[in-house]
Amino acid sequence: MNRLIRVLPLALALPVWGFDLVGTGGFEYKSAQTGRYTPVVSVLEHNRLDNVNAVSLWITRQWESSWYPSAEVNKRIVDKGYTPIFILYWFADDISVGYIREHEEEYYAYLKRFRSYLDEIEGEKIVVLNPEYNQFGVEGWSGYNHLLLKSAAILDEGDVIMGPCVGDFGNYDAAQDPRNWKRFDASLRDAMHVFDFIAFQEMRSLTRNTPAQIQQTARRIESFSAYLHTTYRKPVFLAYLALSTWGEKGEYLQEGVMRELARRQPVLEKNGLMGINLFHLADVPGHVGYFGPGEEHFGILRSDGSAKPSAAVFKLIRS
């Protein structure tokens with residue numbers, strides 16, 4: 001592979017929305033208040049989010065092609081001018097060296113089935129591999145390079161742009177954390193030459209983080225993207241940015257981070273950051289996970305469809 005990215009210019013050009021983690025259908029937005037369904041593209045257009053040019057879909061271990069039928073992806077996403085981003089989350093929280101060794105062949109069979117599905121999707125596709133894998137001992141395991149190389153060999157075609165995704169785990173009180181970031185180098189340095197980009201994630205909520213830690217997020221993104229770009233000499237993709245508005249100051253903090261990202265855009269471009277993927281467009285009542293009640297409030301729209309203050313600021317991030 002080792003080819004240039006054609007869909008994305010090497011700049012901050014891909015602010016997008018990430019689908020619900022559990023993949024409950026996903027082509028229409030359901031208002032928690034009215035119960036009405038509205039096509040996702042219509043929600044974007046209504047809120048004038050014209051800097052959005054892609055839609056991401058989570059592909060978990062339980063994934064079936066019926067979740068996102070290829071004909072519907074082509075009709076509702078590709079034909080509307082949006083690039084589909086597939087986030088492959090097969091190992092999820094079970095990730096460990098032992099689990100990979102025990103289930104490796106099952107994982108490859110899943111990739112082959114997914115590759116056949118991708119053949120039915122028109123145009124170029126972006127694939128993010130195994131987000132947050134760098135924990136539970138995998139981060140220092142050189143054997144993970146083999147899994148990455150074989151994954152790339154299975155999925156590689158001219159229409160697929162792909163990269164691995166590390167989690168940003170460490171000291172959020174500091175904008176820079178190179179000691180923690182160096183811990184996963186052994187797991188991917190020998191495989192990075194076959195990939196188009198390297199991805200990372202950032203997730204914050206007052207249920208787990210202090211206001212000061214959340215306020216560091218934009219600086220953290222700037223530092224981490226610079227580190228990844230310099231170390232691996234590839235474009236960098238913020239595969240999902242989750243900023244919960246749970247709590248009294250939640251919306252204020254989310255807006256502040258968005259404003260900082262917009263202000264730092266020229267520097268982020270120099271750092272090789274090719275895009276930002278939001279998790280989620282709108283709040284998802286009932287969503288569960290690590291951040292507890294904060295999981296329901298990651299959107300830049302509320303569950304009734306109204307815009308949070310961050311939505312207007314988000315529009316400032318443009319290609």
> Under 4.5 Å between side-chain heavy atoms, hopping through other hydrophobics if needed: is there a path connecting F184 to V97?
Replying inline: yes
>> Membership question, hydrophobic clusters at under 4.5 Å side-chain separation (ILVMFWY): are F237 and V267 in the same one?
In response: no
> Is there a ring-ring contact (aromatic ring centres under 6.0 Å, His included) between W58 and Y240 once you walk through the steps?
Replying inline: CA-CA 11 Å; W58 285 77; Y240 48 104; 5.0 Å; yes
Determine the interplanar angle of the [X] and [Y] rings, folded into 0 to 90°, and report it as parallel if under 30°, tilted if 30 to 60°, perpendicular if over 60°.
X: Y144; Y: Y133; answer: parallel
X: W90; Y: Y99; answer: tilted
X: F298; Y: F279; answer: perpendicular
X: Y110; Y: F114; answer: parallel

Report yes or no: do [X] and [Y] form a side-chain donor-acceptor pair below 3.5 Å?
X: E202; Y: T217; answer: no
X: Q62; Y: T60; answer: yes
X: S205; Y: Y290; answer: no
X: Q135; Y: E139; answer: no

Pairwise side-chain contact, [X] with [Y], heavy-atom cut-off 4.5 Å (strictly under):
X: L278; Y: F314; result: yes
X: L281; Y: V52; result: no
X: V55; Y: I85; result: no
X: P235; Y: D196; result: no
X: I198; Y: L188; result: yes
X: L228; Y: M192; result: no
X: N271; Y: V236; result: no

Quick check: closest heavy atoms across [X] and [Y], and the distance to 0.1 Å?
X: A307; Y: L301; value: CA-CD2, 3.8 Å
X: L111; Y: L155; value: O-CD2, 3.8 Å
X: K80; Y: R76; value: CG-O, 3.5 Å
X: H229; Y: K234; value: ND1-O, 2.7 Å
X: E295; Y: V288; value: CG-C, 3.8 Å
X: C165; Y: V128; value: CB-CG1, 3.5 Å

>> Taking side-chain contact (heavy atoms from CB on, under 4.5 Å) as the definition, give me every residue that meets it alongside T230, ordered by chain and number, with sequence neighbours left out.
In response: none
> Is the backbone of N171 close enough, under 3.5 Å, to the side chain of D177 for a donor and an acceptor to pair up by distance?
Replying inline: yes
> Okay, side chain of S223, backbone of R220: is any donor-acceptor separation there less than 3.5 Å?
Replying inline: no
State whether the number of non-hydrogen atoms from other residues, nucleotides or ligands found under 6.0 Å of [X] atom [atom1] is greater than 12.
X: Q213; atom1: CD; result: yes
X: R233; atom1: CZ; result: no
X: R113; atom1: CZ; result: yes
X: D94; atom1: CG; result: yes

>> Can you confirm whether or not the ring centre of W246 sits under 6.0 Å from the ring centre of F291?
In response: no
> Per the side-chain hydrogen bond (donor to acceptor under 3.5 Å, both in side chains) rule, which among K182, R183, R189 passes with D185?
Replying inline: R189
> Does the pair L147 and N130 meet the rule for a side-chain contact (heavy atoms from CB on, under 4.5 Å), with working shown?
Replying inline: CA-CA 11 Å; L147 181 135; N130 301 327; 3.8 Å; yes
>> side-chain contact (heavy atoms from CB on, under 4.5 Å) for V166 and F224? Distances and angles first, verdict last.
In response: CA-CA 11 Å; V166 294; F224 199 16; 3.9 Å; yes
>> Does this structure show an ion pair linking R302 with E251, if we count only N-O contacts that are shorter than 4.0 Å?
In response: yes
>> Check this for me: does any side-chain nitrogen of one of R219 and E222 sit under 4.0 Å from a carboxylate oxygen of the other?
In response: no
>> Which residue in the set L253, V257, L243 passes side chain to side chain contact (heavy atoms under 4.5 Å, CB included) when paired with R204?
In response: L243
